[in-house]
Amino acid sequence: MTAGGLAAKRVSRAQEMVTAHAHPNIALAKYWGKRAYGENLPSVPSLSVTLAGMVTTTDATLSEGPDDVFVLDGRREEGRPSARVTELADRLWSTSTRRGHRPRVEVASRNDFPTAAGLASSASAFAALAVALDAALGTGLSRDRLSCLARQVSASAGRSLFGGFVELPAGQPGDEQLPAVALAPASHWPSLRVVVAVTAEGPKAVGSTEGMIRTAETSPLYGAWLEAAPRIFSEVKRAVLERDLAALGPSAEHSALTMHATAFAARPGLFYWNEGTMEVMRRIRQARADGLAAYFTIDAGPHVKVLTEADHEADVRATLTATEGVLRTIVTRPGGDAELKS
Ligand code: PMV
């Protein structure tokens, strides 16, 4: 939906509830590491695909209470999760032309997939939140501004404002306003499939922000990562534009493994994987040697996302289902923008 469309759907009466949807995204070229000049600017460029098949739904209502309220998957959240909702609401308000005291908000968000476990729930969470708050608060910001503001809270969230294939450039000094950029819509490559192999329930031990800071401060491989990532990003971008899975797969695997190797070498080392993660990588490589077009990528969690084409979806699912340590699979495909529910 265009920014104009968003504005048109803005609620007129303060107490009305608005609902927004957003999909998580999976980075095919990974972001890992922040610039020293603040504003949550990435140190490396990244490229993701937004995933239809998983969704965050977020309701927002203006409230008369003294504080913002945040309910996630039916549970009232305090501390950092709630502070991040307030942070995003404050950023929207101060960026807009609205003046005076910002109304408090009540936000209820739910995911139809595991929260905070390396399935990019923060990406869809803050993208849906940006759209919902913009409508509830009547701030009327453009999609680029919403992407930038979501990116300041969680960099990958800036990408989930857009559907299809999305880039987030590395930040440069003075880039406070940096949004993600839509590279190609979902219709560019509708036959691409990302089959998620869920290998654990429950949240991961070390969040991505803490993991990135520790990696940058202590991993002797961090400099090599900063040097390699832009080149891997260019390979991934070219393969996506050409819809070439045989070129994309090896580059996406290389991006994920280089990112994780850099994090392993932090002090203490960061292990986001479990036995199931290892087993899936092994089985996918074996299946590939036997002729299946399938490649893996892994974010800051134990799940594995397998890239394939629609023709091979059933074989990939069967391979994953037969793999020890895989609890279940979720089939996703390129999806659309974060938007208000009509
Ligand atoms: O933006 P964050 O804090 O959710 O970090 C995302 C980090 C990775 O998922 C590992 C990579 C990426 O580019 O999404």
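Along the sequence shown, residues carry numbers from 1. Whatever order the structure lists them in is the order used to number ligands and atoms, beginning at 1.
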task = Just jot down the ligand 1 atoms closer than 4.0 angstrom to any heavy atom of S208, in number order.
result = 2 (P), 3 (O), 4 (O), 5 (O)
key: Pair E167 + K237: basic N to acidic O under 4.0 Å   = yes
inquiry  = Test of understanding: given a 4.0 Å heavy-atom threshold, classify the contact between A27 and ligand 1 as side chain, backbone, both, or neither.
reply    = side chain
message = Which of the numbered atoms in ligand 1 are under 4.0 angstrom from any heavy atom belonging to M259?
response = 10 (C)
task = Mark up the atoms of ligand 1 that fall under 4.0 Å of a heavy atom belonging to R159, in ascending order.
result = 12 (C), 13 (O), 14 (O)
message = Out of all atoms in ligand 1, which are within 4.0 Å of some heavy atom of M212? Include the element for each.
response = 5 (O), 7 (C)
request  = Please say whether A155 places an N or O atom under 3.5 Å from an N or O atom belonging to ligand 1.
outcome  = yes
request  = For a side chain to side chain contact (heavy atoms under 4.5 Å, CB included) with W189, tell me which candidate from D244, V49, L248 qualifies.
outcome  = L248
query = R35 side chain to G171 main-chain N or O, any donor-acceptor pair under 3.5 Å?
reply = yes
inquiry  = Using a 3.5 Å cut-off on N or O atoms only, is K30 in polar contact with ligand 1?
reply    = no
query = Polar-atom distance check: T209 versus ligand 1, any N or O pair below 3.5 Å?
reply = no
task = Take atom CZ of R145 as the centre, draw a 6.0 Å sphere, and report whether it contains more than 12 heavy atoms from other residues, nucleotides or ligands.
result = yes
key: Exam field: side chain S219 to backbone A216, donor-acceptor pair closer than 3.5 Å   = no
inquiry  = Has D68 got a side-chain atom pairing as donor or acceptor with R104's backbone, closer than 3.5 angstrom?
reply    = no
inquiry  = Less than 4.0 Å is my threshold; does some heavy atom of A300 fall inside it relative to ligand 1?
reply    = yes
ask   = Would you say the ring centroid of W273 lies under 6.0 angstrom from that of F264?
value = yes
task = Flag Y31 as yes when one of its N or O atoms lies below 3.5 Å from any N or O atom of ligand 1, and as no otherwise.
result = yes
request  = Run the numbers for me: atoms of ligand 1, each under 4.0 Å from some heavy atom of S122, listed by number.
outcome  = 4 (O)
request  = Look only at the side chain of S147 and the backbone of R143, and say whether a donor-acceptor pair between them is shorter than 3.5 Å.
outcome  = no
ask   = With only distance considered, is W32 within less than 3.5 Å of ligand 1 through an N or O on each side?
value = no
request  = Return a yes/no value for S156: is any of its N or O atoms, backbone included, closer than 3.5 angstrom to an N or O of ligand 1?
outcome  = yes
key: Contacting atoms of ligand 1, where contact means under 4.0 angstrom from a heavy atom of S154   = 1 (O), 2 (P), 4 (O)
Close side-chain approach of S122 to S156, heavy-atom, < 4.5 Å = yes
